[in-house]
Amino acid sequence: MFAAPGRVNLIGEHTDYADGFVMPAAIDFATFAAISPRADGKVIIRSENYGEQVEHAANNLPEIRSQHWSDYPLGVLAVLREEGVRIPAFSMTLQGDVPVGAGLSSSAAIEVATMAAVLALAEVKIPLPRMAQLCQKAENSFVGASTGIMDQFIACCGAADHALLLDCRSLQFRLAPIPADVSLVISNTMVKHTHAGGEYNTRRAEVEEGTAILRRHRPEIKKLRDATVDDLKRWGGEMPENVLKRVRHIITENNRTVAAADALERGDLKTLGRLLYEAHASYRDDFEASCPEADLLVELASKQAGCIGARLTGGGFGGCTVNLVETAQAREFGEKLRDGYKKATGIDPDIYLCRASAGTHEIEA
Ligand code: GLA
């Protein structure tokens, strides 16, 4: 049995596919994949969460998606096959408690848990960063969501009590300890979001459009990671307003993410908190990927005692906000946030007091 965690992104939103920086932490919600070999040539994958199973011949697995939960594990099998891994016959049961559609990467958790389990059964070893890339490929080419590398990477390489600063170009990373007196409180707007199709892909297209405009002037700009605020000042006027704003978010977010990692490493929580709030404003106003419910949660959080910083986390358009809160105040903070949100919206939000957790690992039976 293998586990792969969900994640919360502390800062660095929509920067991964711009070859930039992200700083997520794995959380203590996970998907578990229990696998055993079969002798009849079949692949049977069961989801305890959906109460359903799919059945295929191991030598005749689907090559295209069917817009079903099984696209995630089957996408992983398709990618492994392309890598030359012979898929053995097996039964696998998936069960997880990562909230779905909450921006906490339930999909990456399924992909990574599946890959870890299948590789173990096939007796094939692949380094964790490469596993992350392959799981991303499954999501991009099979599931059809053009997401970056962040979620799969943190599900593979996360570490207990640490945030991970990832350079999405080189895949080099550094772990920064989260101090014991700082808690990760996650608050769920209960507004669902999805990546497949939707706004996420629209944002990506806008970002590509802006990158192409800057590249005309500076061909060395391969991705927005290579662009500066100064480039934007010079050539941003050639972009449609919406594109300019998306690009501005990403360029400034990259700078904030690197600064936030430095602040966390220095123990400068004040600066870290300020950067989180600034990141939220940029996500809301420039990237226009927030929603009124998330804005409200961040505003309510900012008024509570013990709140260091707060922002909408994940792909956007709903999902959760992440709050860095002084541990001594975390429980009360969560209760006040819930009360305030409920009063204003009539919605009872889920509040999770999380711990930064390890990446994928085997669970001993
Ligand atoms: C989703 C994607 C990630 C990343 C975030 C936004 O979680 O899966 O690759 O782009 O959105 O930061």
Side-chain angles (χ1 to χ4, degrees), residues 4-27 79 83 105 107-109 111-112 115-116 119 125-140 146-179 184 204 207-208 211 214-215 218 220-229 231 249-268 271-272 275-276 279 313-315 322 324 356-361:
R7 64 101 187 91
V8 66
N9 188 18
L10 300 186
I11 191 164
E13 227 60 89
H14 286 256
T15 44
D16 55 357
Y17 55 78
D19 273 2
F21 296 89
V22 293
M23 191 165 66
I27 53 177
V79 165
E83 286 295 294
S105 293
S107 17
E111 291 152 5
V112 172
M115 189 168 286
L119 286 176
K125 285 206 183 342
I126 295 183
L128 288 171
R130 179 71 189 142
M131 263 176 71
Q133 285 177 315
L134 293 176
C135 288
Q136 180 199 10
K137 192 170 168 205
E139 179 132 2
N140 291 169
S146 32
T147 54
I149 185 79
M150 166 167 71
D151 304 345
Q152 292 81 6
F153 199 93
I154 187 71
C156 286
C157 301
D161 301 319
H162 287 73
L164 184 154
L165 177 74
L166 175 65
D167 177 335
C168 298
R169 171 167 281 166
S170 66
L171 296 191
Q172 294 201 329
F173 66 94
R174 134 164 160 236
L175 292 167
I178 299 180
L184 294 178
R204 264 203 88 148
V207 169
E208 294 307 329
T211 312
L214 294 180
R215 194 183 296 128
R218 280 218 296 127
E220 62 275 29
I221 298 179
K222 302 277 177 274
K223 298 273 178 167
L224 285 186
R225 147 73 172 274
D226 306 310
T228 63
V229 174
D231 293 330
H249 166 75
I250 293 189
I251 295 177
T252 57
E253 184 82 347
N254 264 327
N255 296 340
R256 279 187 293 272
T257 304
V258 173
D262 288 345
L264 179 59
E265 283 171 337
R266 283 197 315 271
D268 180 355
T271 300
L272 178 63
L275 289 164
L276 258 68
T313 186
V322 57
L324 289 185
S357 300
T360 187
H361 53 278

**Report entry** Residues Asp262 and Arg174 bridged, charged N to O under 4.0 Å
**Finding:** yes
Requested in this report: Please check if the side chain of His162 supplies one atom and the backbone of Ala356 the other of a donor-acceptor pair under 3.5 Å.
Outcome: no
[atom1]-[atom2] distance between [X] and [Y], expressed to the nearest 0.5 angstrom:
{"X": "Leu275", "Y": "Thr252", "atom1": "CG", "atom2": "OG1", "result": "11.0 Å"}
{"X": "Leu175", "Y": "Leu165", "atom1": "CG", "atom2": "CG", "result": "9.5 Å"}
{"X": "Phe173", "Y": "Leu166", "atom1": "CZ", "atom2": "CG", "result": "8.0 Å"}
{"X": "Glu13", "Y": "Thr257", "atom1": "CD", "atom2": "OG1", "result": "8.5 Å"}
{"X": "Asp226", "Y": "Asp19", "atom1": "CG", "atom2": "CG", "result": "7.0 Å"}
{"X": "Phe21", "Y": "Arg169", "atom1": "CZ", "atom2": "CZ", "result": "9.0 Å"}

Query raised in the report: Sequence neighbours excluded, which residues qualify as side chain to side chain contact (heavy atoms under 4.5 Å, CB included) partners of Ala263?
Result: Arg266, Asp268, Thr271, Leu272
Give me the atom names and distance for the closest heavy-atom approach of [X] to [Y].
{"X": "Leu128", "Y": "Cys157", "value": "CB-SG, 3.8 Å"}
{"X": "Glu253", "Y": "Ala279", "value": "OE1-CB, 3.4 Å"}
{"X": "Pro5", "Y": "Ala155", "value": "CD-O, 3.4 Å"}
{"X": "Ile178", "Y": "Ala25", "value": "CD1-CB, 4.5 Å"}
{"X": "Glu139", "Y": "Ala108", "value": "OE1-N, 4.5 Å"}
{"X": "Ala132", "Y": "Cys156", "value": "N-SG, 3.8 Å"}

Taking the side chain as C-beta and beyond, is there a heavy-atom pair between [X] and [Y] under 4.5 Å?
{"X": "Thr147", "Y": "Tyr17", "answer": "no"}
{"X": "Met115", "Y": "Leu134", "answer": "yes"}
{"X": "Gln152", "Y": "Met131", "answer": "no"}
{"X": "Asp151", "Y": "Ser107", "answer": "no"}
{"X": "Ile11", "Y": "Arg256", "answer": "yes"}
{"X": "Leu119", "Y": "Lys125", "answer": "no"}

Report task. Not counting sequence neighbours, which residues clear salt bridge (charged side-chain N to carboxylate O under 4.0 Å, His left out) with Lys223? List them please. Result -> none
Query raised in the report: Who passes salt bridge (charged side-chain N to carboxylate O under 4.0 Å, His left out) against Glu83, sequence neighbours left out?
Result: Arg130
Answer with yes or no whether the side chains of [Y] and [X] bring together a donor and an acceptor at under 3.5 Å.
{"X": "Thr211", "Y": "Arg215", "value": "no"}
{"X": "Arg7", "Y": "Ser105", "value": "yes"}
{"X": "Asp231", "Y": "Thr228", "value": "yes"}

Query raised in the report: Within a radius of less than 6.0 Å around CD of Glu220, do more than 12 heavy atoms belonging to other residues, nucleotides or ligands occur?
Result: yes
Query raised in the report: Given Arg225, which of Asp16, Asp167, Thr15, Asn254 fulfils the side chain to side chain donor-acceptor pair (under 3.5 Å) condition?
Result: Asp167
Query raised in the report: For Val22 and Cys168, what are the C-alpha separation, side-chain angles and deciding distance, and is it a side-chain contact (heavy atoms from CB on, under 4.5 Å)?
Result: CA-CA 7 Å; Val22 293; Cys168 298; 3.9 Å; yes
Report task. Assess whether side-chain contact (heavy atoms from CB on, under 4.5 Å) is satisfied between Val322 and Asn9, documenting all intermediate values. Result -> CA-CA 8 Å; Val322 57; Asn9 188 18; over 6 Å; no
